[in-house]
Amino acid sequence: MNGAAEPRQPRRTAPVGLFVSAIAGLRQSVAAIVALTYVARDMGPLLWVGLAVAVTILAINLLVAGLSWHRLTFHVGDEDIRVESGIVSRTARSVPYERIQDVSLEQGLLARLFGLVVVRFETGAGGADDIALTYLTEAEGEELRGLVRRRRDQDAPLAADGLADVPDDPATVLFAMGPRRVLTYGAFEFSLAVVAVIFGVTQQFDFLLPFDIWDLEEWEQRLAGSGARLVALGTTAQVIGALIGVAALLLIGFATGIVRTLLREWGFVLEKTERGFRRRRGLLTRTDVVMPIHRVQAMRIGTRIVRRMFGWHGLKFVSLAQDAGTANHVVAPFGKVEELWPVACEAGFAPPADDLVWQQAVRAYRNDSVMLVAIVPAVLSLVPIAMGYPWFAAIPLAVGAALVVGELIAWRNTHHALDPHQVLSRSGWLAPGLEIAPRVKLQSVDFRQGPLARRHGYGTLHLGLAGGTFAIGGVAVERARELRAAILASVTATDYSDLNR
Amino acid sequence: MDHHASPTAALDEDAALTPLHPDHVKVLRIQTALAALPFAVGAGVLEFAQLLPRGLVMAPVLIVIALLVLRVPLRRYHAKGFDMGEDRLRVVRGLLFSSDTVVPFGRVQHIDLDQGPLERHYRLATLTVHTAGTHNASVHLPGLAHQDAVAMRETIRAHIRRETV
């Protein structure tokens with residue numbers, strides 16, 4: 001690492017990264033390779049043509065990657081990080097250290113083999129506008145991250161040799177998941193998504209099959225051959241066959257859940273460092289995300305129907321920054337409640353006090369929502385009655401009844417509360433969750449009423465939350481007034497710019 | 001059912017709302033009239049084609065348009081209002097679906113002042129305050145006299161502490 005010693009010189013990314021980029025590019029040009037091989041299929045044996053095409057494309061990729069590598073330089077200055085890039089048209093971008101919210105490191109499978117990382121400077125501008133340096137060595141990445149953090153902290157000018165030895169922040173582990181926990185988590189992530197994918201693939205590529213799977217006659221012919229034996233086996237065998245089919249489906253569902261969870265959550269570690277929460281996870285693609293504590297806007301403890309019976313819950317933080325496309329940062333995806341609260345407390349949240357007064361949504365809200373969900377099935381049930389099939393009316397009526405029961409249960413679970421520093425809201429149908437937002441971090445208060453709500457004197461209170469939403473349904477007008485006055489009193493006491501310090 | 005308030009009760013009776021500039025009604029009327037124009041033309045064509053008895057289409061369409069242009073904007077205007085507090089801006093609007101929003105000055109990210117061609121003709125302006133929240137990312141307050149809007153912007157800006165980060 002020559003560049004480390006002379007930070008003022010423009011630096012280049014790691015040359016080994018070229019191969020990783022080129023190979024990754026090859027993966028993207030699979031379609032092109034197939035198409036070109038198809039076009040050139042008469043020029044010789046298929047294998048050789050395909051190989052030649054692949055090598056050519058790899059060479060082109062390598063050339064392009066090499067050119068852009070040569071033309072991309074970054075400069076770690078006193079005030080900012082500057083990146084100049086572009087083969088033909090040049091772009092120069094500068095990010096002042098103060099604007100860099102954080103530096104995240106990301107490793108794909110290939111990059112991991114070569115010990116490389118993608119270094120991303122989060123500015124809060126949103127994913128696409130962030131600067132990313134694709135493929136530095138792991139050491140360079142860590143060093144850059146440490147540098148940016150220290151630059152943000154103190155405004156001391158950069159020493160020429162200040163880069164090399166960066167002691168890692170002292171960290172305490174807040175939450176970690178061992179292999180056993182990840183497996184348990186996977187078992188609860190039952191998913192039949194893969195079945196849908198296979199189904200979709202068979203539809204897309206059915207021309208590859210020797211027969212048309214949508215042609216009934218052809219099926220009959222096939223069954224008349226070897227299939228006739230199956231029919232001859234009788235009902236018992238058919239039932240057993242159906243059971244085996246269901247079991248296979250269940251197996252696929254569990255396997256998908258476990259594999260996906262293993263890939264995503266393997267080696268999950270959440271630590272508290274000086275700079276905030278640091279989360280590392282992933283088997284093949286390992287991600288390393290740091291979220292400063294002051295950027296946490298709200299928290300959510302949620303669960304699902306089945307895992308709730310076993311006492312498993314998950315904790316998420318709502319933050320200004322994006323986390324893989326969603327604003328919610330998963331900080332503890334799968335744990336017991338008593339494991340999750342310490343993590344939440346580290347971010348400044350307090351569990352609801354025992355004597356906290358919870359307010360239920362008003363009755364008029366329940367009545368109106370029950371009426372609204374019942375109206376469509378009720379009207380639909382009139383159609384079969386009018387047509388002279390009164391029994392068919394049972395279907396929409398049953399659906400309507402289920403919806404009504406659902407609304408009633410949801411209403412029973414809808415509560416909110418206000419404690420000296422936080423707004424708390426509980427809602428959900430079969431697996432109610434808890435949301436907490438600190439009062440000072442709210443941006444605005446909006447009370448909305450539809451025509452029915454207006455008649456019956458209630459409404460929905462929407463609280464402006466940076467990076468998420470927070471709404472409390474079925475709040476009586478007087479209660480809304482109280483809540484608003486209390487929240488605004490806390491909010492106006494602190495200016496926004498003092499919040500993000 | 002528990003009736004907590006009469007249907008028209010606003011969230012805060014104590015703080016009187018400032019009405020918008022009366023010319024806002026004219027802007028709303030012209031906007032509605034422009035939006036209704038295609039329907040009037042369509043009805044006219046149907047009338048001209050004489051497929052249906054005379055006036056069967058044209059009369060109801062014209063009545064509805066007259067209501068929408070003359071009556072509804074006035075009611076919408078009366079449903080709107082704002083209140084500049086010491087440290088917060090409150091915007092109330094909505095006839096059928098009402099909304100009552102309060103934005104503390106300390107949470108305003110930036111302020112826009114917009115004028116469409118119609119608004120410019122009547123010397124009106126729309127004040128928009130932006131917050132960091134996902135809900136209510138921008139709160140619009142249309143129908144202000146232009147100089148009032150400018151004054152409000154300056155007031156809010158004076159409250160936002162400038163911090164050179």
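Letters A, B, ... are given to chains in the order of the sequence lines, protein chains preceding strands, and every chain is numbered from 1. All values reported here derive from a predicted model rather than from experimental measurement.
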Asker: Does any part of the side chain of Met152(B), heavy atoms only, come nearer than 4.5 Å to the side chain of Ile111(B), both counted from C-beta?
Answerer: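 No, side chains not in contact.
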
Asker: Leu488(A) versus chain B, heavy atoms under 4.5 Å apart: side chain, backbone, both or neither?
Answerer: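 For Leu488(A), backbone and side chain are both near chain B.
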
Asker: As a test of understanding, state which of Arg448(A), Arg484(A), Arg454(A) forms a salt bridge (Lys or Arg N to Asp or Glu O under 4.0 Å) with Asp100(B).
Answerer: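 For Asp100(B), the salt bridge (Lys or Arg N to Asp or Glu O under 4.0 Å) test succeeds with only one of Arg448(A), Arg484(A), Arg454(A), which is Arg484(A).
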
Asker: Heavy atoms only, distances under 4.5 angstrom: which of Ala485(A), Ala471(A), Gly459(A), Gly450(A) has the most pairs with chain B? Name it, please.
Answerer: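 The candidate making the most pairs under 4.5 Å is Gly450(A).
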
Asker: Taking Leu96(B), Val139(B), Val103(B) one by one, which has the highest count of heavy-atom pairs under 4.5 Å against chain A?
Answerer: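 If we count pairs closer than 4.5 Å to chain A, Leu96(B) comes out on top.
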
Asker: Answer yes or no: does atom CZ of Arg366(A) have more than 12 heavy-atom neighbours from other residues, nucleotides or ligands under 6.0 Å?
Answerer: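 Above 12, so yes.
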
Asker: Under 3.5 Å, is there a donor on one side chain and an acceptor on the other for Ser425(A) and His416(A)?
Answerer: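 No.
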
